[in-house]
A.B. asks: 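For reference, the structure I am asking about is given below.
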Amino acid sequence: FLPDYTAYTELLDVFRHFSPTPVLLDPERGYAFTAEELRREILGRGLGAILMSNPCNPTGKLVTGDEMSAWVEAARDLDCSLILDEFYSHYIWKGDEDIISAASHIEDVETDPVVIVDGLTKNWRYPGWRVTWILGPRRVIDAVSSAGSFLDGGGSAPMQRAALELISADHARKETAALRRCFGEKRRLMIDGLRALGVKFDVEPEGTFYAWGDLSDLPPSINDGSTFFRAALEEKVIVVPGEFFDVDPGQRRHGRPSRFRHHVRFSFGPDRENLEEALRRLGRVIERARGQS
Ligand SMILES: Cc1ncc(COP(=O)(O)O)c(C=O)c1O
């Protein structure tokens, strides 16, 4: 799906047996995509697997509840694997649930074609620990273990054992409750602060700690991702230009303009004080550009 996590570009590029088929999500619809549309794409294009981050990095869009149930049903009926990257599934801002996973819609883990990927990097905030896991049919787990062992020797057993306590349901729920209080406030601060500066949002983040901003109403000298990135960097604030998320394995677009050239991804991961300072600095960048236009 476009846009999605930047690293999928390399992933889909390296394994040449895949023919990656982009599915476009539309800003005007808040990146919504129905199960009916999913069925149409799978059947029409003969897709064997769907890969997506849920909640999505960068848009923060979340597929959940009956909608996810219908997605899993479509995957089951049409025998198309659904590979769901749930690295941000503890950062949920829609509804009352604290952790969202497609796991709750799986009827039989051995036969449902659903593979869930998660790890300690974001949901537990241990990026250096390098422990990740997958949930899916045994044959998939065996294939991934054997590929891992062939490619880099596989995971480190002591690091995996040490992670067991962290991933216990009780610990994870407590951590998530604390995380929701802290990040929920930062989310509001960021969205309101950026809106006051003239940044628009196609969708308020329903998950993740990112805000996917549309800069088209800012002065022309800083209203695309790369010019804004450079201007912000001069104030020592970093954002990620939207076009990086326009996943383009094999660089098929040959440098043609991206649909997301007016977008940037802001992160509300840093401490509150840093976010407040960043908003002040971005305010200065935008003021200066207004003065010059
Ligand atoms: C959607 C998504 N999946 C997985 C990861 C995994 O990150 P890492 O390789 O740092 O563990 C990230 C990190 O940004 C991400 O955004």
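Scope of the values below: all heavy atoms of this structure, side chains included, with no hydrogens, waters or symmetry mates. In each ligand, atom 1 is the first atom listed, and ligand 1 is the first ligand listed.
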A.B. asks: Which of the numbered atoms in ligand 1 are under 4.0 angstrom from any heavy atom belonging to Tyr5?
C.D. replies: 1 (C), 2 (C), 3 (N), 4 (C), 5 (C), 6 (C), 7 (O), 12 (C), 13 (C), 14 (O), 15 (C), 16 (O)

A.B. asks: Nearest 0.5 Å, please: how far is CZ in Phe33 from CG in Leu38?
C.D. replies: 6.0 Å

A.B. asks: Look up atom CH2 in Trp71 and atom OG1 in Thr64, then write down how far apart they are to the nearest 0.5 Å.
C.D. replies: 12.0 Å

A.B. asks: Asn57 versus ligand 1: do any nitrogen or oxygen atoms come within less than 3.5 Å of each other?
C.D. replies: yes

A.B. asks: Between atom CZ of Arg195 and atom NZ of Lys200, what is the distance when rounded to the nearest 0.5 Å?
C.D. replies: 11.5 Å

A.B. asks: What is the distance from atom CG of Asp202 to atom OH of Tyr31, rounded to the nearest 0.5 Å?
C.D. replies: 3.5 Å

A.B. asks: In terms of relative ring orientation, are Trp212 and His263 parallel, tilted or perpendicular, with 30° and 60° separating the classes?
C.D. replies: parallel

A.B. asks: To the nearest 0.1 Å, how far is atom 11 (O) of ligand 1 from its closest protein heavy atom, and which atom is that?
C.D. replies: Thr121 OG1, 2.6 Å

A.B. asks: Please say whether the positively charged group of Arg187, taken as NZ for Lys or CZ for Arg, lies over the ring of Phe268, i.e. under 6.0 angstrom from the six-membered ring centre and within 45 degrees of the axis.
C.D. replies: no

A.B. asks: So which protein heavy atom does atom 9 (O) of ligand 1 come closest to, and at what separation?
C.D. replies: Arg130 NH2, 3.2 Å

A.B. asks: Please state which protein non-hydrogen atom is closest to atom 1 (C) of ligand 1 and give its distance, to 0.1 Å?
C.D. replies: Asp85 OD2, 3.3 Å

A.B. asks: Against heavy atoms of Lys122, which atoms of ligand 1 measure under 4.0 Å?
C.D. replies: 12 (C), 13 (C), 14 (O)

A.B. asks: With a cut-off of 4.0 Å, which atoms of ligand 1 are near a heavy atom of Ser53?
C.D. replies: 1 (C)

